[in-house]
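Heads up: the structure comes next, in structure tokens.
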Amino acid sequence: MITVKHNTELLEFETLDQAMAWAKELGEFVTIQFNGTEVVGKFGADGILDGKFPNGELYTWKKRRRQ
């Protein structure tokens, strides 16, 4: 059983895929607990398209190489 905590709400899911899908749809900070492991964060940024996250926010980080 996978447990997801969002604010004061606790939800249970059969699989990690179901829990992650719900967390992505929510788009807010959650805690996912399973098999003695805890994963926390805001899920949902699957990729960058035209310099923006899927939610429309600009992606501004750039990797700088040291010479």
Side-chain angles (χ1 to χ4, degrees):
M1 191 63 54
I2 313 297
T3 305
V4 179
K5 182 178 180 185
H6 171 252
N7 296 330
T8 60
E9 185 178 14
L10 277 176
L11 298 149
E12 291 185 344
F13 295 90
E14 293 289 323
T15 68
L16 182 58
D17 286 339
Q18 292 171 336
M20 292 293 293
W22 185 84
K24 282 183 178 183
E25 185 70 27
L26 180 65
E28 293 184 21
F29 189 89
V30 299
T31 301
I32 300 176
Q33 297 173 326
F34 59 98
N35 298 333
T37 303
E38 188 172 87
V39 180
V40 298
K42 180 179 176 182
F43 302 93
D46 290 331
I48 308 300
L49 183 61
D50 297 326
K52 294 183 181 180
F53 288 106
N55 67 1
E57 292 180 35
L58 288 177
Y59 176 76
T60 58
W61 181 84
K62 294 183 182 187
K63 184 175 181 178
R64 305 254 192 253
R65 295 179 185 234
R66 290 186 172 186
Q67 297 277 344

Find out whether L11 and E9 are in side-chain contact, i.e. whether some heavy atom of one side chain is under 4.5 Å from a heavy atom of the other. yes
I'd like to know whether I32 forms a side chain to side chain contact (heavy atoms under 4.5 Å, CB included) with F13, so could you lay out the CA-CA distance, the side-chain angles of the two residues, the decisive distance to 0.1 Å, and finally the verdict. CA-CA 10 Å; I32 300 176; F13 295 90; over 6 Å; no
Distance from L10 atom CG to T3 atom OG1, nearest 0.5 Å? 7.0 Å
Report yes or no: does E25 contribute a side-chain atom to a donor-acceptor pair with the main-chain N or O of W22 at less than 3.5 Å? no
Separation between CE (M1) and CG (N35), nearest 0.5 Å, reads 12.0 Å
Identify the heavy atoms of Q18 and E14 that sit nearest to each other, and give their distance. OE1-N, 3.0 Å
Are L16 and L26 linked, directly or through intermediate hydrophobic residues, by side-chain heavy-atom contacts shorter than 4.5 Å (ILVMFWY only)? yes
How close do I2 and A19 get, heavy atom to heavy atom, and via which atoms? CG2-CB, 3.6 Å
Heavy-atom side-chain contact between M20 and F43 under 4.5 Å: yes
If I compare all heavy atoms of F29 with all of H6, which pair ends up nearest, and what's the gap? O-CD2, 3.5 Å
Listed by chain and number, what are the side-chain hydrogen bond (donor to acceptor under 3.5 Å, both in side chains) partners of E57, not counting sequence neighbours? N55
Just verifying a value: how many Å separate T31 OG1 and E38 CD, rounded to the nearest 0.5 Å? 5.5 Å
So, taking the atom named CD in E12 and the one named CD in Q33, what distance separates them when rounded to the nearest 0.5 Å? 10.5 Å
